[in-house]
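The structure appears right after this line, and notes come after that.
Heavy atoms only: backbone and side chains are in, while hydrogens, waters and symmetry mates are out.
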Amino acid sequence: MTVPESTYRVQLRPEFTFADAAGIAGYLRDLGIGALYTSPVLDATPGSTHGYDVVDPTRARPALGGEAARQELSALLKELGLGLVVDIVPNHMSVEVPKANPWWWDVLKHGRDSEYAEYFDIDWDRGPLLLPVLGADDAVGELTVEGDELVYYDHRFPLAPGTETGTPQEVHERQHYRLIGWRRGNAELNYRRFFDITNLAAVRVEDPKVFAATHGEVLRWVADGDVTGLRVDHPDGLADPGGYFRRLRANAPDAWIVAEKILHPGEPLPQTWPVDGTTGYDALREIAGVFVDPAGEPDFTVLANELGVKTGYHRVEAEARRLVTDRILVAEVRRIAALLPHFEPEAARQAVAETMIAFPVYRSYLPEGGAHWTAAIDGARRARPDLAEPLTMLDAVLRSDPGGELATRIQQTSGMVVAKGTEDTTFYRYTRFAALNEVGGNPDRFGLDVEEFHRLAAEREAGHPAAMTALTTHDTKRSEDTRARMAVLAEVPGEFARAVRRWTARRGIDEPSLNLLAWQTLVATWPIEPARLRDYLGKAAKEAKLRTSWTDHDEAFEADVAAWPEDVMNDAELAGDVAGFAARIEGPGYVNSLGQKLVQLTAPGVPDVYQGTELWDFSLVDPDNRRPVDYAVRREILARILDGELPGIDASGAAKLLVVHNALRLRREHPALFRGYRPLRAEGPAAQHVLAYTRSADLAVAVTRLPVGLEADGGWRDTVLPLPDGIWTDVLTGREVTGDLAALFGHYPVALLLRGDA
């Protein structure tokens, strides 16, 4: 099996192609990376900036350079000794531009008789395929016929053979599809989609024929040795994730395979999945959590309550999930409820909805994970005792046939409810302390203690040592350095609360959760460009769905939110106050950033470096985190480091690149050093400010945590880290060191230690 020592994620798009990726391959080798890891590379919808909207899985995307450029990149990576990990999307395909997707076009043209009719998860028994593309008024008056196509503004659809004559409305009525108003999609759609995105139609990869058609090209690359690893997007949307992974492994026996599975704290990865692990959100939660001071929780709770931000996490989450079941995924919930025919439709719908609202994890995988299903049913019964009868029937039918349609659909859909309700709604409403509001996060748990971190790291080493670990991804709500600086606020909660009260009185946002999120975001990204912050807050406001949303706009509120960044920054007194506070947390934020990065790069698992984050990166949620990366600057800094420079900790981020380079190079050149895991515990008055461990007998790692408290308590004083016998050298500085922490952390607040001449 080809397990990389590390990966480097790049976001391919028409502006950053296969050739551009080849252009940085030498830099990645010099940085110490083991494998290039790309966003999806199959043909995507025209203009796609991310590639998750595949339209043709049988070819490399022409907009990235096509097959020839893909082969050139693969050849170069092989020459440099680098692997290639490719992101694949088995759950859905884009139907936004029907003509760009030949399978969907054929389905629209021939309906149920299309050879691709069973490729998509369509409920054909409900009549013509509904396409929600018309205006909100549902009017079809703008339809025209051009040759063998039905046209609605810039939307084009095929005509079934022999239906070309008559008025456009008459032609429309004779098709295998119906164009309907976009507002009707959530409630009436008769094909399964990706979350609430009607332009992404679900694909039935549980059918071996569909699996072969959608995976054949990528698996050919794997067989040829061009692709060494696969990252699988959103497996929870599949009918049978375990069966899918078994088929994938059978076709790619030597590939490194990681699944984008979001694990709730304490939830294990299904044992029957033949994968190497997750894509690392569980590791992110653990690594970031150990740098958060739990002592800050009371002050943040008081501040949130005072401002009017709800602090009952589970109640906020239940409300958000109910919004999803009742307004956003209505069509999916009704389709499941129809499988309980002996009950009044609304009672069946509510029983299904309440069960998914109560899910403790994203989904169950019956017959595995039966405890999670039981918890969901029990939670639904407690919340709605009046639904006892349909809930009992739902439970009985599902348990009697865990591979049947009811079990399959409710498990597929529960993950959608959790993701939309929790990640994409609750995390923008429950803004008490936003550093915890991350994919796979647990916002009602304020930080993680060192001993629990050690336990979880040891479990990863024992169970999934080849799992990916991450700190930033294309889906994170904020980048690692933004999160690290935000974590400092937990050490100065009183000071921050007083500042927020001042700032809000002068120029607050008239929605409490967004207001508190905005101030946290501003100080964590300062000095951010107003336009970037404006775009982020606009998205956050719509995701929260409190005062406005993507579909129902409050124009006045959105205008006020859009004006907020410049209003703050153009107010000299207010901006000066914010700048002063941001300067106060900048240094400790750098300490957190270096600490969490070194831990990610050296702890159990395969670390992924998201594009550009080898320097400081204060990005926010997509598309902000897909901005172009300046590789010329990174090459120049790396060249200085290779020449022996020990950069200071400053705004350039060079110190972070030093840490990244040294850790990655050591992993790649001496992988045997990164085996095993054993805690190291400091002794002395500041012992709680150290996270340390050994991997092999000859490699130790030590980092500083909670730096504000450390300084307030008088520094390291006589705190020591008892190292195993021998002579130890800090790889970062080249200096021989002892366990005296004041000296060990004299140059950098982190240390990567080798024993003897290892």
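Ion pairing of Glu332 with Arg193 is present here, as a side-chain N (NZ or NE/NH1/NH2) and a carboxylate O approach within less than 4.0 Å. Here Glu614 does not pair with Lys656 in a salt bridge; the nearest charged N to carboxylate O distance is not below 4.0 Å. Between Arg322 and Glu319 there is no salt bridge, since none of the side-chain N atoms of the basic residue sits less than 4.0 Å from a carboxylate O of the acidic one.
Other residues, nucleotides and ligands place no more than 12 heavy atoms under 6.0 Å from the CZ atom of Arg327. Heavy atoms from other residues, nucleotides or ligands lying under 6.0 Å from CD of Glu306 number more than 12. Dense packing is recorded around CZ of Arg502, with more than 12 heavy atoms of other residues, nucleotides or ligands lying under 6.0 Å away. Within 6.0 Å of NZ on Lys539 lie more than 12 heavy atoms contributed by other residues, nucleotides or ligands.
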**OP:** Go through the steps for Glu286 and Arg460 under the test salt bridge (charged side-chain N to carboxylate O under 4.0 Å, His left out), then give the verdict.
**Re:** CA-CA 11 Å; Glu286 295 156 14; Arg460 180 170 294 106; 3.1 Å; yes
Original post:
Is there a salt bridge (charged side-chain N to carboxylate O under 4.0 Å, His left out) between Glu260 and Arg231 once you walk through the steps?
Top reply: CA-CA 7 Å; Glu260 189 205 19; Arg231 182 262 192 193; 3.3 Å; yes
Subject >> salt bridge (charged side-chain N to carboxylate O under 4.0 Å, His left out) between Lys542 and Asp552, intermediate numbers included >> reply: CA-CA 9 Å; Lys542 296 180 183 71; Asp552 295 295; over 6 Å; no
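The minimum heavy-atom distance between Arg506 and Asp571, with the atom names listed, is NE-OD2, 2.6 Å. Of all non-hydrogen atoms in Val309 and Arg429, the two that sit nearest each other are CG1-O, 3.9 Å. Nearest heavy-atom pair, Val330 versus Ala187, reported as atom, atom and distance to 0.1 Å: CB-CA, 3.9 Å. Annotation for Pro443 and Asn437: closest pair CB-OD1, 3.4 Å, computed over non-hydrogen atoms. Residue Ser6 comes nearest to Ile33 through the heavy atom pair OG-CA, 3.5 Å, listed as atom of the first residue, atom of the second, then distance. Annotation for Glu511 and Leu546: closest pair OE2-CD1, 3.6 Å, computed over non-hydrogen atoms.
Remark: the Arg507 side chain and the Asn570 side chain contain no N/O donor-acceptor pair separated by less than 3.5 Å. Defined by atom type and a distance below 3.5 Å, a donor-acceptor pair is present between the side-chain atoms of Ser652 and Asp650. The closest side-chain donor-acceptor pair between Trp616 and Ser593, if any, does not fall under 3.5 angstrom. With no hydrogens or angles considered, a side-chain donor-acceptor pair links Ser619 and Asp617 at under 3.5 Å. Judged by distance alone, the side chains of Thr504 and Asn515 do bring a donor and an acceptor atom under 3.5 Å apart. When only modelled atom types and interatomic distance are considered, Thr49 and Arg626 share a side-chain donor-acceptor pair under 3.5 Å. Side-chain atoms of Thr311 and Asn305 form a donor-acceptor pair, as typed in the model, at a separation below 3.5 Å. Looking only at atom types and distance, the side chain of Glu558 has a donor-acceptor partner in the side chain of His553 under 3.5 Å away. Under the 3.5 Å distance criterion, with hydrogens and angles disregarded, a donor-acceptor pair is assigned to the side chains of Asp444 and His314. For Gln11 and Arg13, the side-chain atoms include no donor-acceptor pair closer than 3.5 Å. Judged purely by distance below 3.5 Å, without hydrogens or angles, the side chains of Thr413 and Gln411 never pair a donor atom with an acceptor atom. A donor and an acceptor atom, one from each side chain of Glu317 and Thr422, are located under 3.5 Å apart. Residues Thr45 and Ser48 have side chains that never bring a donor and an acceptor to within less than 3.5 angstrom of each other. Checking Thr425 against Lys545 by side-chain atom types alone, a donor-acceptor pair falls below 3.5 Å.
For the pair Arg61 (side chain) and Leu12 (backbone), a donor-acceptor distance under 3.5 Å is absent. Side-chain atoms of Asn592 come within 3.5 Å of backbone atoms of Ala484 as a donor-acceptor pair (strictly under, hydrogens ignored). Looking only at distances, a side-chain donor or acceptor of Arg363 sits under 3.5 Å from a matching main-chain atom of Asp236. The backbone N or O of Val89 lies less than 3.5 Å from no partner atom in the side chain of Asp233, so there is not a single donor-acceptor pair. Listed for the Asp276 side chain is a donor-acceptor partner under 3.5 Å among the backbone atoms of Ile257. Using modelled atom types, one side-chain atom of Thr473 and one backbone atom of Thr476 make a donor-acceptor pair closer than 3.5 Å. Proximity of a side-chain donor or acceptor of Gln596 to a complementary backbone N or O of Ala288 within less than 3.5 Å is not detected. Counting only distance, with no hydrogens or angles, the side chain of Thr472 and the backbone of Glu480 share a donor-acceptor pair below 3.5 Å. Arg183 places a side-chain N or O within donor-acceptor distance of the main-chain N or O of Thr551, the cut-off being under 3.5 Å. No donor-acceptor distance shorter than 3.5 angstrom exists from the side chain of Glu438 to the backbone of Gly441, with no hydrogens or angles considered.
Between the CZ atom in Phe16 and the CG atom in Leu64 there is a gap of 10.5 Å [rounded to 0.5 Å]. The OH atom of Tyr362 lies 13.0 Å from the CE atom of Met416; values are rounded to the nearest 0.5 Å. Between the CG atom in Asp475 and the OH atom in Tyr610 there is a gap of 9.0 Å [rounded to 0.5 Å]. Taken to the nearest 0.5 Å, the CG atom of Leu537 stands 6.5 Å off from the OG1 atom of Thr521.
Under a cutoff of 6.0 Å and an axis angle of 45°, Arg485 and Phe618 form a cation-pi pair. Arg705 forms no cation-pi arrangement with Phe291, by the criterion of a distance under 6.0 Å to the ring centre and an angle within 45° of the ring axis.
Between Tyr8 and Tyr37, the distance from one ring center to the other does not fall under 6.0 angstrom. Outside the 6.0 Å centre-distance limit, the rings of His234 and Tyr52 are not counted as a close aromatic pair.
With a 4.5 Å cut-off on side-chain heavy atoms, Ile637 and Leu615 count as touching.
Classification of the Trp503-Phe496 ring pair by plane angle, with boundaries at 30° and 60°, yields perpendicular.
A salt bridge (Lys or Arg N to Asp or Glu O under 4.0 Å) with Lys477 holds for exactly one of Asp624, Asp622, Asp424; it is Asp424.
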